[in-house]
Amino acid sequence: MSLDQHPDFPADWDLSKVIPGELEVPDDLSGEFDDDDIPPGILIPYEPRLPALRKTGGAAMVVVAKTARFAGLSVRYFGTGFKAVSFLGWRYVRAHDLQDVLGGMSKSADWNKVDIVRRKRWTILGWAAGVTAGLNLAGWWALVKCAGLTAMDSWWMTPATMAVATFAAVSWYGRYRVNSPGIAPEQMLAEQDNPEGEEPYPLAWVTDGDKAADCLGRALYAEGADYRDIKTLARHEWGWELEVVLKGSTPGKVMAAADQLESHLGLPDGGFMIEPDPRDKSRIVVRLVQSNPFADMPRPAVHAPRSLSVHDTIAMGRAMDGSVFELTLDGFCALIIGAMGAGKTLGALRTINEALTACRDAVVWDLDPIKGGLAEFGDLMARRARTPEECEEALAEALSYVTARGQLLPTLNMGDRWYATEEHPNLYINIDEFIQLSPRGKGLAIKILRTGRQYGVYLLMAGQEATADALGDAIAMIVAYRILMACRFEDIKIAFGPGAGAQGWRADRMKPAVGPVANDAGQAMIMGGLFNRAIRYQFNSYTRDQITAAVRDRIEAGVNRMDADTLIKAGGHLSSAKDRGSLADRVEAFAEQTGKEDARTVANLLFLYEAKKADWLATSLIVEAGVVDDGTQLQALLAALVPGAASTRRWDESGRPRGWDREVVERAAGALIAPV
């Protein structure tokens, strides 16, 4: 129910005082009141107002509050500015800025320069004081002369005006310093900021590729490494991979600021890595490593016995970009350098030899002049040496193999380079801690390095340093593969070449294992062959139990030995029945192909030695077996094939008969099938 919205007003009412409106009566009241119960009238809405005095008081309080805050800030700004101006003024008159440029007062000439500058600056201050006094005097005269003021009433106005201006200027400068907390006390102005007002921030704040590029860009700009473009290539579990196009900068300049960039980005020590593009020096790939790139590498499985060949491409681990790290062992001659705990033996050498001992065309030796070497491989190693003297003997024998194969190569139709097969395997010689070799041992190793690669004899040398003294000669650059694990910066210059560190080859930034903390153990940077990227690789991590279990199976399958041709040509002894039987079979096959009776006779001689399981046979026994007609024929045959060959005497049950050593017959066989 509602009242009449258009009532009739008395004629004498001033309707300008009436505010139009309507009165609504709730429906829940309609049952309690009738229309007659509500008296006629007009409702005029009333808006309450605060008293004028209260409003005036509130405005006054606001004025007081604002004025007090302004006064407080002014005093604070003036105090900061006055302190800064006083300090800078003291530095100015004492010429401390010049002393900073000179780098201290180290000689009398520096004192003279500072004294001259001080005198000049005091002169400038004297002139400034005189000019200020003159301006004050001129202003006072103008007020008296032109403004009609009396001299006594206006003397203070000009100095007061200058004091207010000075207060304002000092306060403004104080405000600038308060709002620039990073400015040093001796600095007058803050360092110039990025035109876009960007400051570096931690990589941990980054959530997408665009922000990663922005984060790196800010850090590079802060270190003066300008760039044209940055784009994100990949997001890995370990961090970010980005491509940077430099502008007016070089990869070396970026790498030199690696420590500062790691601080800007909040990375761990060694977490900033670069890989220059060899085709364009302005382009680099930057890897921002926040955690171990190889933390999720699974433990590898061992290879089956005799399942590999040195000509195969064999997985050795993983690269930090996620690709498989592979090697072809034919032609693999390596120098492995790393500090104690870097993983030379348990990482690199163990992984490489796990593959080598599974190859059917590789013979492996284990030399270590001071330690236990690769003891876990046991009898899979065809020869082991554990003293400097034993290592000398082994290297001298290996060098004789190089010479022998140089003579054999033209007769085996292999071409210009030894081609490994089961019958003619490659020889790989591990020399752990090669630094401890004797001078003669180092000399023999260097000779093998220089000539052995062509003839299938390869060295794998591991040590803690790569200095010329440690190597015995500057031979690092002639080694086919240089593998640097956690090492010194000096090792990079010798193994990778001068300037390699500036191109991102910073193996010295890796950390070796310390006790149970693995750090970067097993990680390496590799140069040589197809490896031309400044990137980290992780060798597989085989346990000792894995290797021990594999050794039994591989020994049962047969251990590789040097081929009979090389041994005989080198003047050595055939060390196994397999070698000897193989030689006899080959001479017999040679006799069948050529029809030479001398070859048939030598083959029968070898079979006789094998049947008797002897290293020396009497001439009479050989004649009785029907191999030759008499001793004179045998003497003539062997002397013709082996210059200077002669029979020897030995005691037996029949006395001291004359006979022949098996070694002479084997050398005669070698001369038949592989003549010089």
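Keep in mind it's a predicted model, so treat the numbers as computed, not measured. Numbering starts at 1 and runs along the sequence shown.
- Taking 4.5 Å as the limit, some side-chain heavy atom of L220 sits within range of a side-chain heavy atom of I230.
- No side-chain donor-acceptor contact under 3.5 Å links N540 and R350.
- The shortest distance between side-chain heavy atoms of C215 and L265 falls below 4.5 Å.
- For the pair T232/D210, no side-chain contact is recorded, criterion being any heavy-atom separation below 4.5 Å from C-beta on.
- Screening residues 512-522 for salt bridge (Lys or Arg N to Asp or Glu O under 4.0 Å), with sequence neighbours left out, gives D520-R536.
- A distance of 5.0 Å separates CE in M461 from CG in L335, rounded to the nearest 0.5 Å.
- Side-chain contact between L409 and M414 is present, with heavy atoms from C-beta onward closer than 4.5 Å.
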Legend entry - Pair E666-Y609, side chain to side chain contact (heavy atoms under 4.5 Å, CB included): steps then yes or no: CA-CA 10 Å; E666 290 174 346; Y609 277 99; over 6 Å; no

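- Cation-pi check for R235 over W240 is met; the charged atom lies under 6.0 angstrom from the ring centroid and within 45 degrees of its normal.
- Panel note: side chain W505, backbone M527; no donor-acceptor pair is recorded below 3.5 Å.
- One N or O on the side chain of R386 and one on the backbone of G372 form a donor-acceptor pair closer than 3.5 Å.
- In this structure, D508 contributes its side chain and F489 its backbone to no donor-acceptor pair below 3.5 Å.
- Around CG of D416, the count of heavy atoms belonging to other residues, nucleotides or ligands within 6.0 Å does not exceed 12.
- Between Y537 and F531, the angle of the ring planes goes over 60°, which puts this pair in the perpendicular group of the 30/60° scheme.
- A distance-only check finds no donor-acceptor pair linking the side chain of D553 to the backbone of A304 [under 3.5 Å].
- Proximity of E422 to R306: side-chain heavy atoms (C-beta onward) are separated by under 4.5 Å at one or more points.
- Ion pairing of R440 with E389 is absent here, as no side-chain N (NZ or NE/NH1/NH2) approaches a carboxylate O to less than 4.0 Å.
- Screening residues 333-347 for side-chain hydrogen bond (donor to acceptor under 3.5 Å, both in side chains) gives T345-D432 as the qualifying pairs, with residues at least two apart or on separate chains.
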Legend entry - Evaluation steps, side chain to side chain contact (heavy atoms under 4.5 Å, CB included), between I429 and V457: CA-CA 8 Å; I429 306 173; V457 180; 4.2 Å; yes

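- Under a 3.5 Å cut-off, the side chain of R318 and the backbone N or O of S323 do not form any donor-acceptor pair.
- Counting heavy-atom neighbours within 6.0 Å of E326 CD, excluding the residue itself, gives a total above 12.
- In Y419, the OH atom is not crowded: 12 or fewer heavy atoms of neighbouring residues, nucleotides or ligands sit closer than 6.0 Å.
- Distance alone, capped at 3.5 Å, is enough to place a donor-acceptor pair between the Q546 side chain and the P300 backbone.
- For the side chain to side chain donor-acceptor pair (under 3.5 Å) with R554, the lone residue among D379, T357, N560 that qualifies is T357.
- Side-chain contact check for N426 versus D361: every heavy-atom pair is 4.5 Å or farther apart.
- A salt bridge links D563 with R405: the distance from a Lys NZ or Arg NE/NH1/NH2 to an Asp or Glu carboxylate oxygen falls below 4.0 Å.
- Within the 4.5 Å cutoff, side-chain heavy atoms of I274 are placed close to those of V286.
- The backbone N or O of H424 sits less than 3.5 Å from a side-chain atom of W418, completing a donor-acceptor pair.
- With E354 contributing its side chain and H303 its backbone, the two residues share a donor-acceptor pair below 3.5 Å.
- Without hydrogens or angle criteria, H311 side chain to T421 main chain gives no donor-acceptor distance under 3.5 Å.
- Side chain of N519 to main chain of A521: no donor-acceptor pair is present (N/O by atom type, distance under 3.5 Å, no hydrogens or angles).
- Under a cut-off of 6.0 angstrom, the local environment of NZ in K371 is crowded, with over 12 non-hydrogen atoms contributed by other residues, nucleotides or ligands.
- Side chains of L444 and L437 form no contact here, defined as non-hydrogen atoms less than 4.5 Å apart.
- Aromatic pair Y455/Y401: ring centres not closer than 6.0 Å.
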Legend entry - Derivation of the salt bridge (Lys or Arg N to Asp or Glu O under 4.0 Å) call for D661 and R667: CA-CA 10 Å; D661 290 318; R667 290 170 60 190; over 6 Å; no

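- Shown are E262, R506, R287; of these, the side-chain contact (heavy atoms from CB on, under 4.5 Å) with F272 is made only by E262.
- In terms of the side-chain hydrogen bond (donor to acceptor under 3.5 Å, both in side chains) criterion, residue partners of D259 (sequence neighbours excluded) are, by chain and number, R509.
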Inset, instruction - Under the side-chain hydrogen bond (donor to acceptor under 3.5 Å, both in side chains) rule, what do D330 and T328 come out as? Steps first, then yes or no, please. - result: CA-CA 6 Å; D330 185 36; T328 300; over 6 Å; no

Legend entry - Evaluation steps, side chain to side chain contact (heavy atoms under 4.5 Å, CB included), between Q290 and L267: CA-CA 6 Å; Q290 297 171 288; L267 295 175; 3.9 Å; yes

Inset, instruction - Kindly determine whether I494 and I337 satisfy side chain to side chain contact (heavy atoms under 4.5 Å, CB included), including the steps that lead there. - result: CA-CA 11 Å; I494 293 175; I337 300 297; over 6 Å; no

